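Right, one structure below, let's go through it.
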Amino acid sequence: MAKTRKKAAAPQTVTQPSEAMDQMLKERRVFKPSKEFSKAARVGSLAAYKKLYNESIKSPDKFWAKVGKELHWFKPFKKVLDWSKAPFAKWFVGGTTNLSYNCLDRHLTTSRRNKAALIWEGEPGDSRTLTYDQLHREVCKFANVLKGLGVGKGDRVAIYMPMVPELPIALLACARIGAPHSVIFGGFSATALVDRIHDCSAKAVVTADGGWRRGKIVELKKAVDEAMPNCPTVQKVVVLKRTGQPVEMKDGRDVWWHETMAGASPDCKAEPLDAEHPLYILYTSGSTGKPKGIYHTTGGYMVGTYLTSKLVFDLRDEDVYFCTADIGWVTGHSYIVYGPLANGATSLMYEGAPNHPGPDRFWEIVAKYRVNIFYTAPTAIRAFIKWGDQHPAKHDLSSLRLLGTVGEPINPEAWIWYNKVIGGKRCPIVDTWWQTETGAIMISPVPGAVPTKPGSATLPMPGVLPEVVDPATKEKVPPGGGGILVIRKPWPSMLRGLWGDNERYKQVYWSTVPGSYFTGDGAHCDKDGYFWIMGRVDDVINVSGHRLGTAEVESALVSHPAVAESACIGVPDEITGQAIAAFVTVKEGHAAGDDLKADLLKHVTKEIGALARPKQVRFTGALPKTRSGKIMRRLLRDIASGKERVGDTTTLEDYSVLAKLRESDEG
Ligand code: WT7
């Protein structure tokens, strides 16, 4: 077969530890779980964890078959893994199952039937609780609504909704009938909506009039209306009434959620689906301007999220578990909806902003519902620190027994604050490393078993074999050394590909270190085998735990008529971890300045969404390039962070560029 693409070059800048990272590597503190916690935990000692882990690596088929059998299958699987067409995996071969069935029906014959499945808190202060039985009814009704609208097995459904119970209902209804969903985060713009709906050729869209965010309405339906003329595959739009402002309803296309639900039957059998039937597509950023449609299938994803929810969150039937993520991102998919519900847990979801009406909103919720397990992002923790200890101090947080973080490396200082101020020094912290691609948590302490070190995601989950390798030799680096993080073995919840682009899937993930999955992250592994994630080594920026490709923001910028060229980089930010700095060269006849800057920010918001707005815009006469025309981002990073002396410039084509860049205004 002819090679159509160039092999991915090994990342060059593996780890250039920043000061914060240096600090992290010097971190020596170890926190052991309390005896009390360990005694009650699912896995109660380091020895028990190691035994479980070693068995899972030695006999993965046996291990995964055992976990798989804890769930319901219409037809049992015959084989655990088929890796003969690597890197295209098939898990639980021959089995048929349904994730909606496993999250709902499976619990209805047990004492969980009338237990809260979802507790929901709206931003304005309204709230709702749905038991497993009630949630099951709503999901069945909506599954029938979808069928009535002509959505069947295999049809894609785009979901663009606020954080209301109807969002998980829509997900579970899609899963029930085998219609892969593609959730698009409510912060994305109409343009971003078009790209994603188009890429997966969605047949229907589920949305709402709007959602609440800091007391204001986010007009979702309006964005859908704007997108629709460019989405010819969409036949039906279901609109939930949430915020109540008038919206346009297009005859023959748009239907109200409440109207169609009113007549829907609460009986809908879960469709037996092949273990490899696509469950969802979720778009995420990569190194090019085009978002990647990560797709996950049914059986493996179910088993992976089920096991990790159980082990990492140490879920018990009495627990109230609160994950603060948005279901628009993978964390919400795996750890608000599928993982917790597959375990029969009580999952709490909150609609709005953490600082509305006051900066203590999360703590108010924790106290109101007696939350036991709290899972959030480092960026949120850093914001809490900034807002002040008086806010958590106002509330009774004594119900908490376990804390978690995800999305980016957590600096030890934030970790210690989280442990002390929120956890009252009694709650273990699980720093969970994973990705949209991995579907489920890959590296994280199993609380009760694994001692934690602030800033380290610690040890791998059972069945997961991560390694830090030297990008040049592709060999494992000795303890303490840095390199790129790869996963050596396939795992059940791994992505099955990029929607409609097998070549890009192979190239992005499987060509850097042949035979291994390349994560895009740099990491260190210490002498205890603990993993320290150092951040992305590709052109991906992590802003508040949200991934953005530099190329995406650049292509949004150059689509503005005044922009000739642009290069975006990540710069350290106290709260958001990283922020975007954009270097922009302006076309002849256009004036650089504050007006253009404001206009560019508006333009990026329109093209992608407010989450992609650069924090700095610097106008410059030229960008530093190599002779082959590649932008030297490393130099831009040095300049953006105000370094007097920049790194190696021997490959720079035009030295005068450096002086020009230094003169560029910091916006
Ligand atoms: C990237 C994945 C997984 C859900 C949220 C983000 C970074 C994630 C950690 C962590 C250090 C982390 C990595 C990864 N990341 N968790 N605990 N420590 N870095 O999902 O948008 O797919 O981003 O987030 O860089 O590659 P995502």
Side-chain angles (χ1 to χ4, degrees), residues 11 14-15 18 20-21 24 183 185 187-188 282-287 291-296 304-305 308-309 312 323-336 338-339 375-381 403-412 414-415 418 429-445 452-461 464 466 468 484-487 493-495 498 508-509 517-525 530-549 552 570 576-578 611-612:
V14 174
T15 40
S18 61
M21 287 302 175
M24 217 179 238
V183 183
F185 174 59
F188 279 118
L282 188 58
Y283 287 87
T284 188
S285 298
S287 310
K292 301 182 284 194
I294 307 292
Y295 84 91
H296 285 286
T305 54
T308 49
S309 298
V312 174
C323 166
T324 70
D326 192 293
I327 296 175
W329 308 108
V330 75
T331 308
H333 283 60
S334 299
Y335 298 110
I336 294 178
Y338 292 119
Y375 189 33
T376 197
T379 183
I381 297 168
L403 302 174
T405 75
V406 61
E408 47 177 321
I410 180 165
N411 44 313
W415 196 104
Y418 196 31
I429 296 178
V430 288
D431 174 353
T432 63
W433 178 87
W434 59 295
Q435 309 177 297
T436 306
E437 290 87 341
T438 68
I441 294 167
M442 302 291 274
I443 305 178
S444 163
T452 50
K453 302 183 189 181
S456 169
T458 77
L459 302 174
M461 285 289 104
V464 173
V468 177
I484 55 175
L485 183 66
V486 301
I487 313 291
S493 64
M494 67 195 282
L495 77 165
L498 297 180
V508 173
Y509 302 105
Y517 168 85
F518 173 51
T519 63
D521 280 332
H524 283 250
C525 187
Y530 277 45
F531 288 87
W532 300 76
I533 311 296
M534 314 308 280
R536 305 288 307 193
V537 296
D538 51 7
D539 294 327
V540 169
I541 311 178
N542 192 331
V543 182
S544 299
H546 300 151
R547 242 158 100 171
L548 288 161
E552 263 172 279
T576 59
Q578 281 188 300
L611 71 165

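Order of listing sets the numbers, starting from 1, for every ligand and every atom in it. From a predicted model like this one, the values you see are computed outputs, not experimental measurements.
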I327 backbone acceptor or donor facing H333 side chain under 3.5 Å: yes
Under 4.0 Å from any heavy atom of [X], which atoms of ligand 1 are there?
| X | result |
| --- | --- |
| T432 | 9 (C), 10 (C), 16 (N), 17 (N) |
| W434 | 2 (C), 3 (C), 4 (C), 8 (C), 14 (C), 16 (N) |
| N542 | 7 (C), 24 (O) |
| D521 | 13 (C), 14 (C), 25 (O), 26 (O) |
| V330 | 4 (C) |
| I533 | 11 (C), 19 (N) |
| D431 | 10 (C), 17 (N), 18 (N) |

For [atom], what is the nearest protein heavy atom, given as residue, atom name and distance?
| atom | result |
| --- | --- |
| atom 21 (O) of ligand 1 | R547 CD, 3.2 Å |
| atom 22 (O) of ligand 1 | T436 OG1, 2.6 Å |
| atom 6 (C) of ligand 1 | G545 O, 4.0 Å |

Give the minimum heavy-atom separation between [X] and [Y], together with the two atoms involved.
| X | Y | answer |
| --- | --- | --- |
| S444 | V430 | OG-CB, 3.8 Å |
| S285 | G549 | CB-N, 3.2 Å |
| V540 | Q578 | O-OE1, 4.5 Å |
| F518 | L485 | CD1-O, 4.0 Å |
| G439 | S334 | O-OG, 2.7 Å |

Can you check side-chain contact (heavy atoms from CB on, under 4.5 Å) on K292 and T436, steps first, answer last? CA-CA 10 Å; K292 301 182 284 194; T436 306; over 6 Å; no
At a non-hydrogen distance cut-off of under 4.0 Å, which region of [X] contacts ligand 1 (side chain, backbone, both, or neither)?
| X | answer |
| --- | --- |
| A457 | neither |
| Q435 | both |
| T405 | neither |
| T438 | neither |

Of T308, T331, T519, the one forming a side chain to side chain contact (heavy atoms under 4.5 Å, CB included) with W434 is T331
Min heavy-atom dist G535 to ligand 1 below 4.0 Å: no
Test M461 against I443 for side-chain contact (heavy atoms from CB on, under 4.5 Å), laying out the working first. CA-CA 6 Å; M461 285 289 104; I443 305 178; over 6 Å; no
Please confirm whether [X] comes within less than 3.5 Å of ligand 1 when only nitrogen or oxygen atoms on both sides are compared.
| X | result |
| --- | --- |
| T284 | no |
| T331 | no |
| G407 | yes |

Assess the residue pair Y509 and I487 against the criterion (side-chain contact (heavy atoms from CB on, under 4.5 Å)); give the C-alpha distance rounded to whole Å, side-chain angles, the decisive distance to 0.1 Å, and a yes or no. CA-CA 10 Å; Y509 302 105; I487 313 291; over 6 Å; no
Parallel under 30°, tilted from 30 to 60°, perpendicular over 60°: which one fits the rings of Y335 and Y375? perpendicular
